[in-house]
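So the structure is just underneath, and the comments pick up after that.
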Amino acid sequence: QVQLVESGGGLVQAGGSLRLSCVVSGNEFGIHAMAWYRQAPGKQRELIAGINSVDYTNYADSVLGRFTFSRDNAKNTVYLQMDSLKPEDTGVYYCNVDVCSTRSCGASTPHWGKGTLVTVSS
């Protein structure tokens, strides 16, 4: 079965940096698309950044210029580099990956990580 393992969360002072990693395993075929979501305390889960099937990356306005989403195909891993962190960035970050169901990727299925907690102190 497909599994996603996230890491890199923790406690950091405002202005600091963290890099989140999400390792994908168990997939027979490739990755169609991927995204990072955040759920802040008392708020709904929101899209932070995503990469589509043609490697186009989009970011939420709140993180533009501070966060960078990337992937390493050889390691089957996606990353979220977070710089200039603010207290409002605090929340649980979730990796979301659409895995191809066929070799041609005519269909894909979404998979979620369990989340990693990021806490930014003032």
Side-chain angles (χ1 to χ4, degrees):
Q1 70 278 17
V2 177
Q3 291 186 343
L4 278 61
V5 179
E6 299 148 315
S7 62
L11 175 64
V12 65
Q13 295 278 355
S17 298
L18 288 173
R19 189 178 75 159
L20 307 183
S21 300
C22 176
V23 180
V24 182
S25 63
N27 53 310
E28 183 178 1
F29 306 109
I31 295 172
H32 180 64
M34 63 208 75
W36 285 95
Y37 287 78
R38 178 176 67 203
Q39 187 161 19
K43 296 184 178 180
Q44 298 183 25
R45 190 176 302 182
E46 63 178 340
L47 177 66
I48 298 302
I51 300 177
N52 66 14
S53 60
V54 292
D55 292 326
Y56 182 85
T57 306
N58 64 290
Y59 299 92
D61 290 342
S62 62
V63 305
L64 269 174
R66 300 188 298 117
F67 289 11
T68 304
F69 194 5
S70 63
R71 66 180 179 182
D72 187 331
N73 291 332
K75 297 180 179 179
N76 227 28
T77 303
V78 300
Y79 305 94
L80 184 66
Q81 177 67 43
M82 305 184 294
D83 298 319
S84 301
L85 283 162
K86 305 175 180 179
E88 51 263 43
D89 294 321
T90 293
V92 179
Y93 286 72
Y94 297 90
C95 180
N96 178 46
V97 176
D98 283 345
V99 177
C100 299
S101 301
T102 64
R103 184 167 288 103
S104 64
C105 206
S108 62
T109 55
H111 298 269
W112 291 87
K114 293 180 171 59
T116 183
L117 177 63
V118 172
T119 303
V120 184
S121 61
S122 301

Where do [X] and [Y] come nearest, in terms of heavy atoms and distance?
{"X": "Asp98", "Y": "Ser108", "answer": "CB-OG, 3.9 Å"}
{"X": "Leu85", "Y": "Met82", "answer": "CD2-CB, 3.8 Å"}
{"X": "Met34", "Y": "Val78", "answer": "SD-CG1, 2.8 Å"}
{"X": "Thr109", "Y": "Ser101", "answer": "CG2-OG, 3.6 Å"}
{"X": "Leu47", "Y": "Ala60", "answer": "O-CB, 3.6 Å"}
{"X": "Ser17", "Y": "Ser84", "answer": "OG-N, 4.3 Å"}

Any link between Leu64 and Val118 through a network of hydrophobic side chains (Ile, Leu, Val, Met, Phe, Trp, Tyr) touching at under 4.5 Å?
yes
If Ile, Leu, Val, Met, Phe, Trp and Tyr residues are connected whenever their side-chain heavy atoms lie under 4.5 Å apart, and connections chain through other members, are Tyr93 and Val12 in the same group?
yes
Quick one: does [X]'s side chain have a donor or acceptor within less than 3.5 Å of a partner on [Y]'s backbone?
{"X": "Thr57", "Y": "Ile51", "value": "no"}
{"X": "Glu6", "Y": "Leu20", "value": "no"}
{"X": "Arg38", "Y": "Ile48", "value": "no"}
{"X": "Asn27", "Y": "Val2", "value": "no"}
{"X": "Tyr59", "Y": "Phe69", "value": "yes"}

Take a 6.0 Å sphere around CD of Gln44 and say whether it holds more than 12 heavy atoms from other residues, nucleotides or ligands.
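Counting other residues, nucleotides and ligands, CD of Gln44 stays at 12 neighbours or fewer.
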Rounded to the nearest 0.5 Å, what's the gap from [atom1] on [X] to [atom2] on [Y]? Could you check?
{"X": "Gln39", "Y": "Leu117", "atom1": "CD", "atom2": "CG", "value": "11.5 Å"}
{"X": "Thr77", "Y": "Leu4", "atom1": "OG1", "atom2": "CG", "value": "10.0 Å"}
{"X": "Gln3", "Y": "His111", "atom1": "CD", "atom2": "NE2", "value": "10.5 Å"}

A side-chain contact here means heavy atoms from C-beta on lying under 4.5 Å apart; do Ser25 and Asn76 qualify?
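Counting from C-beta outward, Ser25 and Asn76 never come under 4.5 Å.
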Taking the six-membered ring for Trp, are Tyr94 and Trp112 parallel (under 30°), tilted (30 to 60°) or perpendicular (over 60°)?
perpendicular
Not counting sequence neighbours, list each pair that qualifies as a disulfide bond (SG atoms under 2.5 Å apart) and has a residue in residues 55-103.
Cys22-Cys95, Cys100-Cys105
